[in-house]
Amino acid sequence: MELNGDSIPEPILRLRNSVEQRVFQSFDHSGEIGGGSRGVSQFSAVDEEGGGVASHQVDPPARERPADENWPQRESLSFTRSLIFYGSGSVTPEHETAAKYIEEARALRKKYYDGRGVQCLLDKNDKKKPAPKVTLEDGPTVNDGDASSAAATINGSASEQAESSPTGTSAPRLEYVFGADGIVEIYEASDFRRTSNLVIVPPLCAFEADYRRLVEMSSSGAMRSFSFQRLQMLTSAFKMHVTVNGTAEDQAQSGLLGTDFYRTMKIDNHIHLAAAASAKQFVNFVRDKLENEGDTVVADDGKTTLSEVFRGAGLDFDHLTIDAFNVLADYSVYQRFDNFNSKYSPFRMGQMRKIFLKTDNHIDGRYFAELTKIVLARHEQAKGHASAAEMRLSIYGMENEEWIKLARWVLRDWEGGDFPGNMLSSHNRWLVQIPRLWRVYCKKGNGTPSFQDMLENLFVPLFEATLHPEEHPEVAELLNHIVGFDSVDDEGSPEAPVSCCLPSEWTQEDNPAYCWQLYHIWANLEVLNRVRESRGLNTFAFRPHAGETGDAMHLAATYMMCRSINHGINLDKQVSLQYLYYLDQVGLSISPLSNNFLFRKMHQNPFPKLFKRGLNVTLSTDDPLLFHMSDDALLEEYSVARASFDLSMTDISEIARNSVYQSGFENHLKEQWLGEHYKKGVTHCDENKTHVPLIRAKFRAEHLALEHSIVILLAAGKGKMVLQEMMHQFGDARNGQRNILFSNMAEVPDFPEQNQL
């Protein structure tokens, strides 16, 4: 069967030409796959007249829509963009309702996380005090500290902070008051009547109403069905992409010379300091101390030595084995957070934990500092691969002296050990975790404590150090090295319903609701960040534990308020929230080995599902002391995940890249690891730094943009228009397939259902 131009009606011929032009612009005819991003590339083609080989220049792959609206015609990137809708009934009024809910939910996130609901009268100081530019290839910095330089740094920082202002003149003196609603209020010192609060966050009752509204929308049948449909289509699109382009991705990745997975930066975004060492490292450390420092007085009584502590417990040198320490997780911790917490204590002895894994003890946390430096040294020396960490320090809110004690531990010039100096490292950024331990605090001390007392212990020292750094230089300096705050504890613990009860009125022993507690941390951090931002100081991200166990709707609260979370595996129980986390690329730092021992066995872990759908997921270790067998816990996590979830090298490189995106490391370091223009989006990352081929980045970016465009159109009531346009596009694609076939074959053989074309 042969078709020629003379036998084709003019309208059909015009349609064919239009479709062929679109197809030509969409498909790749170059000889390069994903690697033509460094200038104009060349490809060879057969010269139709002479039969020779002609060389043509090809535009480099576009990382975004060009300003002239002309996409490169020969783009060596993914073209597996799946059809969105086709056929009558693909768009329904229920879909439009769901899209409106989604846009309303996203507006709530903008109100809280983006701060659009915060009224701030403080001037923003864009001239932030720059963090020291540390090039990680320069080597370890944990050894560089000394007492004189630390003191100079602290005093210098305090002076700079006190003098900073947006205008270059002396900053207006500010004062703070802890309001009766549990939220700090900021006033100018001259405002004696306290009439103008300079930073006002949405009040608790407004948050409660917004939270209930998000829960209501997420639980609606319309939003759940629509979100499930979209997520399923994203899964299918990824499968199609890997099927069609898997080989192309492998070839592109192998062409990224000078880098590989081991050389690209991977950050352990979620690791608790008390369990940062492996069991092997911990046991060897304790053996060394017992052998060489047995006469060191370590008990709070000021008399008992380390050797005497072990003898009193009936332990000798032969007991110092991993099995005897009993710190590795086993079947006894599954669904048992209480047993899990007891694993932090070697030999089930709280005294051992205090001696070796606490900052506040008779030896001022010296053993804990030396053990921590052993862990940091592995990252700094890049043993095995390039990595860094974001370790958690604990502040409990039990007393107001906790911050100064922690600051002195971090900034102290530690002597002795293999790595003397302070606790600051080029390969680590500190987060502060706040355990939700109201049930413990309310039973402590005399009188009738309220939740407000706990909040004041947590936040008063921070506002004091921010507003009066010259009076609190150590805490002020510590805050310069903190990038975020975490909230931790067992989410499965019984909790009271969410309410508008003020913190000053919360005196009962019942745990307040998870979202109620998070709101008060977020609100005070938001005020603190606005004050620090006005003075050119670093600010803090809120990155709590959420969705590890317990009520899946905890994830609704964190969606509203947080940049990223730790765990999040309960998202597989709530598809509406899962789709929202995808649309806004809320970070998820997941720890499958931890989940395997505590709450979710490996084969049930939703990590591979979330990754394939395009959520912003990465891998972290959580507690190497309990869950990992090797000294390189992060590499072990990646290795186990790759084998368990059947991940490719492109997959794990993408996961590693996400860890850098989620981290609180400084911008100049992210540029070093991701590329100069990484803030523009994943397609602007330098694949020679991330080891993620551009073809994968384009696939992720295109589908995320398409999902947003669909939701926006449906929410605007354009469902019928969308359906008609998609049906038209489907018809064009079908005609394009037919025209390609019949235009390039002198005679087309018969095949089944040929008339469908």
Side-chain angles (χ1 to χ4, degrees), residues 267-276 329 333-337 340-341 389-392 431 433-436 484-493 495 514-515 517-518 521 541-575 577-578 580-582 584-611 613 615-628 633-634 637-638 640-641 644-645 655 658-659 661-663:
I267 297 178
D268 194 346
N269 305 99
H270 167 210
I271 176 172
H272 302 281
L273 181 59
V333 305
Y334 192 70
Q335 301 289 343
R336 288 290 302 273
F337 214 80
F340 161 72
N341 279 330
E390 294 184 304
M391 296 185 185
R392 269 70 171 166
L431 276 84
Q433 63 181 25
I434 303 173
R436 297 185 298 278
F485 281 72
D486 194 349
S487 175
V488 300
D489 200 35
D490 182 8
E491 290 182 71
S493 297
E495 61 183 49
Y514 172 89
C515 62
Q517 295 189 61
L518 257 62
I521 296 174
F542 192 23
R543 295 161 53 184
H545 280 49
E548 183 181 16
T549 185
D551 188 354
M553 283 304 171
H554 290 173
L555 292 157
T558 52
Y559 171 75
M560 291 169 63
M561 297 184 289
C562 305
R563 186 175 92 181
S564 63
I565 62 172
N566 308 300
H567 294 298
I569 55 177
N570 272 355
L571 276 178
D572 69 337
K573 298 179 180 179
Q574 228 299 328
V575 290
L577 291 176
Q578 187 182 144
L580 289 173
Y581 272 68
Y582 165 74
D584 285 300
Q585 290 293 288
V586 181
L588 303 172
S589 186
I590 302 178
S591 308
L593 281 174
S594 168
N595 302 148
N596 181 68
F597 283 105
L598 288 175
F599 298 110
R600 198 77 72 92
K601 291 302 179 183
M602 191 68 72
H603 69 279
Q604 299 173 325
N605 198 293
F607 180 89
K609 180 194 300 182
L610 301 176
F611 169 74
R613 289 174 173 176
L615 277 79
N616 178 12
V617 296
T618 192
L619 292 167
S620 56
T621 61
D622 197 356
D623 297 288
L625 178 66
L626 281 69
F627 303 126
H628 296 78
L634 187 59
E637 197 78 46
Y638 275 87
V640 171
S644 301
F645 305 141
I655 293 165
N658 290 347
S659 74
Y661 261 113
Q662 291 184 27
S663 78

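The model shown is predicted, which means the values in this text are computed figures rather than measured ones.
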* Asked: Partners of N595 by side chain to side chain contact (heavy atoms under 4.5 Å, CB included), sequence neighbours excluded?
  -> H567, I569, I590, R600, N605

* Asked: Any donor and acceptor pair, going by atom type alone, linking the side chain of D490 with main-chain N or O of G492 inside 3.5 Å?
  -> yes

* Structure fact -> The side chain to side chain donor-acceptor pair (under 3.5 Å) partners of S589 (sequence neighbours excluded) come to S620

* Measure the CG-OG1 distance between L593 and T621 for me, rounded to the nearest 0.5 Å. => 9.5 Å

* What residues form a side chain to side chain contact (heavy atoms under 4.5 Å, CB included) with N616, not counting sequence neighbours? -> Q585, N658, Q662

* Test item: T549 and L598 side chains (from C-beta on) under 4.5 Å apart, heavy atoms -> no

* To do: Quick one: closest heavy-atom pair of V586 and C562, and the distance?
  => CG1-O, 4.1 Å

* Start with the C-alpha gap between F485 and R543, add the side-chain angles, then the distance that decides, and say whether side chain to side chain contact (heavy atoms under 4.5 Å, CB included) holds. => CA-CA 6 Å; F485 281 72; R543 295 161 53 184; over 6 Å; no

* To do: Verify the distance criterion only: is there a donor paired with an acceptor across the side chains of E390 and H270 at less than 3.5 Å?
  => no

* Structure fact -> Residue set satisfying side chain to side chain donor-acceptor pair (under 3.5 Å) with Q517, at least two apart, ordered chain then number -> none

* Report yes if some heavy atom in the side chain of H554 is under 4.5 Å from a heavy atom in the side chain of E495; otherwise report no. => yes

* Asked: Can you name the residues that form a side chain to side chain donor-acceptor pair (under 3.5 Å) with N566, not counting sequence neighbours?
  -> R392, D486, H545

* Between CG of L273 and CG of L431, what distance do you get to the nearest 0.5 Å? -> 11.5 Å

* Could you give the distance from CG (L615) to OH (Y582), rounded to the nearest 0.5 Å? -> 8.5 Å

* Please report the closest heavy-atom contact between L518 and P544, naming both atoms and the distance. => CD2-CG, 4.0 Å

* **Ring center gap for F597 and F627 short of 6.0 angstrom** => yes

* Asked: Hey, does the side chain of K601 reach the backbone of N596 with a donor-acceptor pair shorter than 3.5 angstrom?
  -> yes

* To do: Apply side chain to side chain contact (heavy atoms under 4.5 Å, CB included) to A641 and list each qualifying residue two or more places apart in sequence or on a separate chain.
  => L619, F645, L647

* Partners passing salt bridge (Lys or Arg N to Asp or Glu O under 4.0 Å) against E637 (at least two apart in sequence or in another chain) -> none

* Are Y581 and T558 close enough that a side-chain donor and a side-chain acceptor fall under 3.5 Å? -> yes

* **Partners passing ring pair (Phe, Tyr, Trp, His ring centres under 6.0 Å) against Y661 (at least two apart in sequence or in another chain)** => Y678

* Counting distance only, does the side-chain N/O of Q574 pair as donor-acceptor with the main-chain N or O of M553 below 3.5 Å? -> no

* To do: Calculate, to the nearest 0.5 Å, the distance between atoms CZ and OG belonging to F542 and S564 respectively.
  => 10.5 Å

* To do: Run the numbers on Y559 and D584 for side chain to side chain contact (heavy atoms under 4.5 Å, CB included), then give the verdict.
  => CA-CA 9 Å; Y559 171 75; D584 285 300; 2.6 Å; yes

* Asked: How far apart are the C-alpha atoms of D268 and M391, what are their side-chain angles, what is the distance that settles it, and do they pass the side chain to side chain contact (heavy atoms under 4.5 Å, CB included) test?
  -> CA-CA 8 Å; D268 194 346; M391 296 185 185; over 6 Å; no

* Distance in Å, D622 CG paired with I271 CD1, rounded so as to fall on 0.5 Å steps -> 9.0 Å

* Can you name the residues that form a ring pair (Phe, Tyr, Trp, His ring centres under 6.0 Å) with Y638, not counting sequence neighbours? -> F261

* **Which residues share a salt bridge (Lys or Arg N to Asp or Glu O under 4.0 Å) with D551, sequence neighbours left out** => none

* Results of side chain to side chain donor-acceptor pair (under 3.5 Å) for R436 - residues two or more places apart only -> S487

* Between R563 and S663, which heavy-atom pair has the shortest distance, and what is it? -> NH2-O, 3.1 Å

* With rounding to the nearest 0.5 Å, note down the distance linking OG1 in T618 to CD1 in I655. => 7.0 Å

* D623 side chain vs A275 backbone, donor-acceptor pair below 3.5 Å -> no

